[in-house]
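From a predicted model like this one, the values you see are computed outputs, not experimental measurements.
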Amino acid sequence: MTNSRNREQDRAVRAYKRAHPGITLDQARQAVAARSGQQPALPDRIPGAPLPRPAERLEGYVHRVAAAVGLQRHRAMELLGLQPGTSATERLDELANGLDDHAVRALTAATGMTAEQARALTAPRAVRPDVEAVRRLTEENFAAGHYRRGGEGKTSSAPGELAAVLAAHFGQRVHMFDLDTPGTRTGPAPR
């Protein structure tokens, strides 16, 4: 699955990490690459690799690429040039704090995305949306007539439309829940 040069590189990185406790895996990779005088090569273009969606996180993007090309996550990370080493999960956790320049160049080479799109995969997100912006956004949509009157099928379509508008505006995954499902009662029980 991996070529022998990658396995040798991984062994050297693990040995360097054992010899220098307290350093991260990424620091060990850089030290081994510097010692050997070579920069890791950029990956080839992956045919059929999707571009990232707005506000998509790196882990989700790697899963989508793996599914698109029919490979396991670890192998997809190798093709993307993300150097998973022995643990894809640990490497994704390291990269979640931000991509180094080589990872950005590797992602752009493998997928055709821009450097900004690559950096956005690990960019910090706002913890809470601006409540005033949500109110203003919903009022604008009501005024524009995007929501319909009763009896026009809005129970099944309005939550999805509202979720799409909020997701486009805030760039985050939005979940809508309909708490008034069929068969529930909101009034007092009959006598």
Side-chain angles (χ1 to χ4, degrees), residues 1-14 16-17 23-127 129 159-176:
M1 303 215 192
T2 60
N3 66 35
S4 59
R5 189 171 41 186
N6 286 347
R7 286 191 299 250
E8 291 170 12
Q9 177 81 4
D10 289 343
R11 281 190 209 107
V13 167
R14 286 192 304 271
Y16 188 90
K17 192 160 173 28
I23 67 167
T24 66
L25 188 59
D26 194 42
Q27 291 169 334
R29 282 189 185 106
Q30 291 172 357
V32 169
R35 188 185 331 163
S36 65
Q38 64 180 2
Q39 181 70 6
L42 292 177
D44 293 330
R45 182 74 183 258
I46 303 171
L51 291 176
R53 295 178 179 147
E56 186 171 25
R57 305 305 295 167
L58 180 62
E59 184 173 358
Y61 179 69
V62 169
H63 282 285
R64 270 197 327 118
V65 169
V69 295
L71 298 170
Q72 296 292 327
R73 179 179 65 168
H74 194 276
R75 180 66 179 134
M77 287 180 68
E78 289 175 346
L79 291 177
L80 289 169
L82 296 178
Q83 305 166 343
T86 57
S87 174
T89 304
E90 286 179 15
R91 180 65 174 150
L92 283 171
D93 288 344
E94 288 175 14
L95 293 172
N97 296 326
L99 297 175
D100 58 1
D101 288 337
H102 178 74
V104 170
R105 286 193 308 272
L107 282 171
T108 58
T111 63
M113 70 174 79
T114 65
E116 292 78 28
Q117 288 174 316
R119 286 189 183 91
L121 291 170
T122 59
R125 303 281 186 242
V127 178
E161 292 169 0
L162 179 61
V165 168
L166 291 173
H169 186 291
F170 291 106
Q172 297 176 350
R173 192 172 285 184
V174 176
H175 298 281
M176 298 292 287

Between Tyr61 and Gln117, is there a side-chain heavy-atom distance shorter than 4.5 Å?
no
Rounded to the nearest 0.5 Å, how far does CG of Asp100 lie from OG1 of Thr122?
10.0 Å
Locate the shortest heavy-atom distance separating Val62 from Ala76; write the atom from each residue and the value.
O-CB, 4.4 Å
Just wondering, do Glu78 and Leu71 contact through their side chains at under 4.5 Å, heavy atoms?
no
Hey, what do you get for OG1 (Thr89) to CD (Glu94), rounding to the nearest 0.5 Å?
11.5 Å
Tightest non-hydrogen contact, residues Glu59 and Leu92, listed as CG-CD1, 4.0 Å
Quick check against the 3.5 Å criterion: does Arg14 have a side-chain atom that pairs as donor or acceptor with the backbone of Thr86?
no
Between Gln83 and Val13, does the side-chain contact (heavy atoms from CB on, under 4.5 Å) criterion hold? Intermediate values first, please.
CA-CA 11 Å; Gln83 305 166 343; Val13 167; over 6 Å; no
Quick one: closest heavy-atom pair of Pro43 and Ala110, and the distance?
CG-CB, 3.8 Å
If you measure from CD1 on Ile46 to CG on Leu79, what distance do you get to the nearest 0.5 Å?
5.0 Å
Partners passing side-chain contact (heavy atoms from CB on, under 4.5 Å) against Asp101 (at least two apart in sequence or in another chain):
Arg105, Arg119
Side-chain contact, heavy-atom cut-off 4.5 Å: Arg29 with His102?
no
Could you tell me the separation between the OG1 atom of Thr108 and the CG atom of Leu80, rounded to the nearest 0.5 Å?
11.0 Å
Is it true that a side-chain atom of Arg45 and a backbone atom of Thr111 form a donor plus acceptor pair closer than 3.5 Å?
yes
Enter the distance from Arg91:CZ to Leu82:CG here, rounded to the nearest 0.5 Å.
6.5 Å
What's the shortest heavy-atom distance between Met77 and Ala88, and which atoms?
SD-CB, 3.5 Å
Could you pull out the closest heavy-atom pair between Leu99 and Val104, with the gap in Å?
CB-CG2, 3.7 Å
Main chain of Gln27, side chain of Tyr16: is a donor-acceptor contact present, judged purely on distance under 3.5 Å?
no
Considering non-hydrogen atoms only, spot the tightest contact between Arg64 and Pro52 and give its length.
NH2-CA, 3.7 Å
